[in-house]
Amino acid sequence: MKPVEINDLPTSVWLDINTGVFEPCVEISRRKVSDLAMMFADQEAVQQLIAQGDPVVYDIRYHPFQTSTSDMALGVSTIYPGKVGDEYHMTKGHFHVRMDQPEIYFCVRGTGFLLMESKEGDFQVAEWRPGTITHIPPQYAHRVVNTGPEPLIWVASYHLAAGHDYEPIIARGFAKIVVEKDGQPVFLPNPRRPNSS
Ligand code: F6R
Ligand code: ZN
């Protein structure tokens, strides 16, 4: 990762809400099925997709607004439509390392769901369409699921110092998975948590 530059002057970036591309953007991370392999319930489908070319699930573009006294960041993520088995494309999901750090997500294109779950197990869902803005309180893990036919694009605003903790999600996932049944998204108990309902 490039070192973050300090800039105390006002700064603007420009976002194309149809593609999720914005300028200037200092980094793009691409996550493929293989990067998320353990997150999906259908491991046979995971291996098949990897063998067929390992499709891209989502892209993350990012810009730090770092001044000498503050550390805001902007992330724009694009989940491409698709499924792994019956399970819709989704982000890995994470907690913030700093447990006092919230985040705002602003959906600009597409449809889907934001799943949120606290360490105590409170599970919440926000249904998304273009224009939906969700405040994610501190101490809630967050994952986005694209259940629509087009790219799902949203803007994330957070502090650089928040940090990302993926380990609890890698270990247990979220309380529910989102799968297609008869052409509709449905929420099912996470099979990796035998005692959840
Ligand atoms: C930052 C944030 C987003 C995500 C991005 C990808 O705190 O929540 O910018 O990092 O949407 O999701 P993950 O990081 O779960 O792969
Ligand atoms: Zn976050």
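All heavy atoms count here, side chains included; hydrogens, waters and symmetry mates do not.
The side-chain hydrogen bond (donor to acceptor under 3.5 Å, both in side chains) check on Tyr88 picks up nothing, with sequence neighbours excluded.
Sorted by first then second residue, the salt bridge (Lys or Arg N to Asp or Glu O under 4.0 Å) pairs that include residues 64-74, not counting sequence neighbours, number zero.
Under the 3.5 Å distance criterion, the side-chain polar atoms of Arg143 are matched with a main-chain donor or acceptor of Lys92. No donor-acceptor pair closer than 3.5 Å links the side chain of Asn190 to the backbone N or O of Ala175.
Rounding to the nearest 0.5 Å places NE2 of His135 at 10.5 Å from CE of Met116.
Between Trp128 and Cys107, the closest heavy-atom pair is CE3-CB, 3.8 Å. The minimum heavy-atom distance linking Thr78 with Arg61 is given by the pair OG1-NH1, 4.3 Å.
Relative ring orientation between Trp154 and Tyr105 is described as tilted, the plane-to-plane angle lying within the 30° to 60° band.
Other residues, nucleotides and ligands place more than 12 heavy atoms under 6.0 Å from the CD atom of Glu180. The neighbour count for Arg129 CZ, taken as heavy atoms of other residues, nucleotides or ligands under 6.0 Å away, does not exceed 12.
Between Tyr62 and Leu160, the closest side-chain pair of non-hydrogen atoms falls below 4.5 Å. Residues Phe187 and Val178 are in side-chain contact: their nearest non-hydrogen atoms beyond the backbone lie under 4.5 Å apart. Between Lys119 and Met99 the shortest side-chain heavy-atom distance falls below 4.5 Å.
Here the options are Glu103, His164, Gln139, the test is side chain to side chain donor-acceptor pair (under 3.5 Å), and the partner is His96; only Glu103 passes.
Using a 4.5 Å cut-off between side-chain heavy atoms of Ile, Leu, Val, Met, Phe, Trp and Tyr, Met72 falls into a hydrophobic cluster with Val13, Leu15, Ile17, Phe22, Phe65, Leu74, Val76, Ile104, Phe106, Val108, Ile133, Ile153, Val155.
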